[in-house]
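Working notes, structure below.
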2 protein chains.
Amino acid sequence: MNSVNLKQLAQELNLSVSTVSRALRDSWEISTPTKQRVFDLAKKMNFQPNPYASSLRKHRSRTIAVVIPEVANNFFALAIKGIETVAREKGYHVLIYLTNEEVAEEMAIAASLQSGRVDGVILSLCGSTQDTRHLLDLQQRNIPLVFFDRVSDGITAPKVMTNDHESGFIATEHLIKAGCRRVAHLTISMSLSISHKRQQGYEDGLRRYDQPWDPDLVIHCGSDEEVNYRMIKELFLSDKRPDGVFASVEKLAVQVYHVCRELGLRIPEDVKVISFSNLVTASLLSPSLTTIAQPAYDMGKEAATILFRRLEKKYIVVPEDRVMLPAKLEVRASTMSS
Amino acid sequence: MNSVNLKQLAQELNLSVSTVSRALRDSWEISTPTKQRVFDLAKKMNFQPNPYASSLRKHRSRTIAVVIPEVANNFFALAIKGIETVAREKGYHVLIYLTNEEVAEEMAIAASLQSGRVDGVILSLCGSTQDTRHLLDLQQRNIPLVFFDRVSDGITAPKVMTNDHESGFIATEHLIKAGCRRVAHLTISMSLSISHKRQQGYEDGLRRYDQPWDPDLVIHCGSDEEVNYRMIKELFLSDKRPDGVFASVEKLAVQVYHVCRELGLRIPEDVKVISFSNLVTASLLSPSLTTIAQPAYDMGKEAATILFRRLEKKYIVVPEDRVMLPAKLEVRASTMSS
DNA sequence: TTTATTTACGAAAACGTTGTAGTTGAGAAA
DNA sequence: TTTCTCAACTACAACGTTTTCGTAAATAAA
């Protein structure tokens, strides 16, 4: 434990605790020579103010929470990096919480954050979240909330997102233009608005090019990799075998590769694949994977920036700002026209 | 801010603050009916104890720090997941700090952690760290430190590591047995003990199979991807072109793939590649990459477990425990014998 | 009956910082 | 001289818990 405190500094300097405190915050009430004496001794004794005492007194912790479904995923990892970068610049600390795509964990985390441990929360919903009351509770405690990527439509809060509808449309269009006639959409929990929007984009893409919309070609995947694998395999073994796949999540594209490998289906000859993804190795896959890459790092930075703006200037009450950062299509071999 | 506190509960119940506090911690000093009354009201009013007041009083924050070089790397991401899992089980909170492989940032972070903000630290050194005084300072403040993966030999602290020497040996052996006669080693900062051990394993592997050790075949890479790319390319363009590459870090293997692609070198026919890696897509790369995979998730869990053991039972002073978790060789196409 | 022990609670002092409300002494204005 | 102002500092309360030390009443032991 750090044992040098204001009292000790004060004693050593023959000053009062309050004078030392103020000197350290460079208050105008303290004379320059005194400040210098205080600074010098503080440095010499390696004084570090106790953050908990300060937080208790000021009702501010200079700490934020990042709540995400998973971290072993380049998108979220990069987002964290963006958030951490901005946070450290601003002198904030970052607590991390993983929901593992379990709404129960998300709720427990949200409940624990009501204690005032953090000044604000940056969150990306987990796939199974339907009811968002636990997040409303947070807001009612005056703890600002900023969503990124997996936002909630039901809650008024700043949101950092990508152009999901447009991206879904572009992905579908890209597959159709590459010659696909039966485009499947692999998605996660439809309770997520991003999934919904990507699905809408997919449907609009089909409609735009006069393709029929077949609900059997939309596979709702979950967080169990085994189950996902089986569902995808069944899709390919059914009489409705797709010749194009739009994976809304990176891990599903990976499963498609595995399934195709097992079934002896060639990509892109038999099946073309495109996926939302931030895989660094997309270009090295066999075949290289056409992706729609989200600006994960920038999204993290943006979310953090918005949150800190709220935290620092509370007098400006902006109930909702939405930032839309565009995803980028990277065409690679997996969607080459045969 | 959370505004319901002990005082309010006490008032409502006609009890003293101390009684309410004790009742909530289920103290034997409080009668069962009183406890029940307190529990009920606390639940009803959604009382959440102020963690900062508690931390201030108890000199314990139930918070740990995880300091790592990067997060956009499956190894570290999985380690975080392991740490977070154990932490939440134990009721701890996890602060995350990224050094971005900059020793200056590592030092700044270590300094800021001296404030007593955290009860303990789990750390993986950044590549450029030579002097570790900043970490000794932490220990002197009685903040337990646990290393994982990139440990420091100079500091007495628990360490969770993999069998780096053996793995380096196995990787080299594997390449030689696959027919390589000029095995290169791509490594990062030699100030890191893991790099040193892997290098030793590499050298011992060469020696064991009577291969000459050529310092020109050992490339010391840094954190600048561009520079790494160029150095690797130069290696392949030199008259000492290797026919086998042992990459000590995943990102360097990726660069090797890129370089080979640019230079028209075939893997594994012209060059065989093996790498330390936790890439989920290793098996889908073109060609699939032979890896030495570290049990990242388990390493995270283990590091956290050790740290919490120290934090909970301080009376048992175990100056140093080392846990060695074995890495696993996964043979794939990139090292197939021609 | 008196004395000791136990049970169930309360008062108050911490923890280290910050904010409010003084206080002091020196110089300026009256 | 007295009063006023102002710069530079101090005293003290507050933030919300936890913990130490009491204490009153009830019960047991003498």
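By convention in this document, chain letters (A, B, ...) are assigned in the order of the sequence lines, proteins followed by strands, and residues within each chain are numbered from 1.
- Using a 4.5 Å heavy-atom cutoff, the side chains of Phe39(B) and Leu24(B) are in contact.
- Looking at residues 29-39 of chain B, you'll see that no heavy atom sits under 4.0 Å from any atom of DNA chain D.
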What's the verdict on side chain to side chain contact (heavy atoms under 4.5 Å, CB included) for Leu113(B) and Val121(B), showing C-alpha distance, side-chain angles and the deciding distance?
-> CA-CA 9 Å; Leu113(B) 291 178; Val121(B) 177; 3.9 Å; yes
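- The distance between atom CG of Leu13(B) and atom P of dG10(C), rounded to the nearest whole Å, is 10 Å.
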Assess whether side chain to side chain contact (heavy atoms under 4.5 Å, CB included) is satisfied between Leu56(A) and Asn50(B), documenting all intermediate values.
-> CA-CA 8 Å; Leu56(A) 174 60; Asn50(B) 181 314; 4.1 Å; yes
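- The 12-atom threshold is not exceeded at NZ of Lys90(B), counting heavy atoms of other residues, nucleotides or ligands nearer than 6.0 Å.
- Between Phe308(A) and Tyr92(A), the two ring planes are tilted [angle within 30° to 60°].
- Looking at residues two or more places apart in sequence or on another chain, you find no ring-ring contact (aromatic ring centres under 6.0 Å, His included) involving Phe147(A).
- Within residues 18-28 of chain B, the residues having any heavy atom under 4.0 Å from DNA chain C are, by residue number, Ser18(B), Thr19(B), Arg22(B).
- Computed from coordinates, the Gln11(B) CD to dA11(C) P distance equals 12 Å when rounded to whole Å.
- No hydrogens or angles considered: nothing links the side chains of Asp149(A) and Ser124(A) as a donor-acceptor pair under 3.5 Å.
- The separation between Arg62(B) atom CZ and dT17(D) atom C1' is 15 Å, rounded to whole Å.
- Nearest to the side chain of Leu15(A), among dG10(C), dC9(D), dG16(C), sits dC9(D).
- With hydrogens and angles left out, the side-chain atoms of Gln294(B) and Thr162(B) include a donor and acceptor closer than 3.5 Å.
- Rounded to whole Å, atom P of dG16(C) lies 12 Å from atom CG of Leu56(A).
- Donor-acceptor pairing under 3.5 Å, judged by distance alone, is present between the side chain of Arg57(A) and the base of dT18(C).
- Between the OH atom of Tyr52(A) and the C1' atom of dT18(C) there is a distance of 18 Å, rounded to whole Å.
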Worked check of side chain to side chain contact (heavy atoms under 4.5 Å, CB included) between Ile122(B) and Val67(B) | CA-CA 6 Å; Ile122(B) 295 177; Val67(B) 184; over 6 Å; no
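- A 4.5 Å side-chain heavy-atom check between Ser21(A) and Arg25(A) finds at least one atom pair inside the cut-off.
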Please list, one pair per line, the donor and acceptor atoms closer than 3.5 Å that link side chains of residues 125-136 of chain B to other protein atoms, with sequence neighbours excluded.
from	atom 1	to	atom 2	distance (Å)
Ser128(B)	OG	Glu101(B)	O	3.0
Ser128(B)	OG	Val103(B)	N	3.2
Thr129(B)	OG1	Glu106(B)	OE1	3.2
Thr129(B)	OG1	Glu106(B)	OE2	2.9
Thr129(B)	OG1	Cys126(B)	O	3.2
Asp131(B)	OD1	Arg133(B)	N	3.0
Asp131(B)	OD2	Arg133(B)	NE	3.2
Asp131(B)	OD2	Arg133(B)	NH2	2.6
His134(B)	NE2	Glu106(B)	OE2	2.8

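- In this structure, Leu9(A) places its CG atom 16 Å from P of dC9(D), rounding to the nearest Å.
- Every residue two or more places apart in sequence or in another chain was checked for a side chain to side chain donor-acceptor pair (under 3.5 Å) with Thr305(B), and none qualifies.
- Contact annotation: Ser54(B) side-chain N/O to dT17(D) OP1/OP2 distance is not under 4.0 Å.
- Remark: P of dC15(D) and CG of Asn50(A) are 18 Å apart, rounded to the nearest angstrom.
- Relative to the side chain of His59(A), the nucleotides dT17(C), dT10(D), dG16(D) differ in distance, and dG16(D) lies closest.
- Atom-to-atom, CG of Leu6(A) to P of dT18(C) comes out at 6 Å; the value is rounded to the nearest Å.
- In the helix from dT1(C)-dA30(D) to dA30(C)-dT1(D), the terminal helix axes, each the rotation mapping four pairs' C1' atoms onto the next four within five end pairs, subtend 70°, rounded to 10°.
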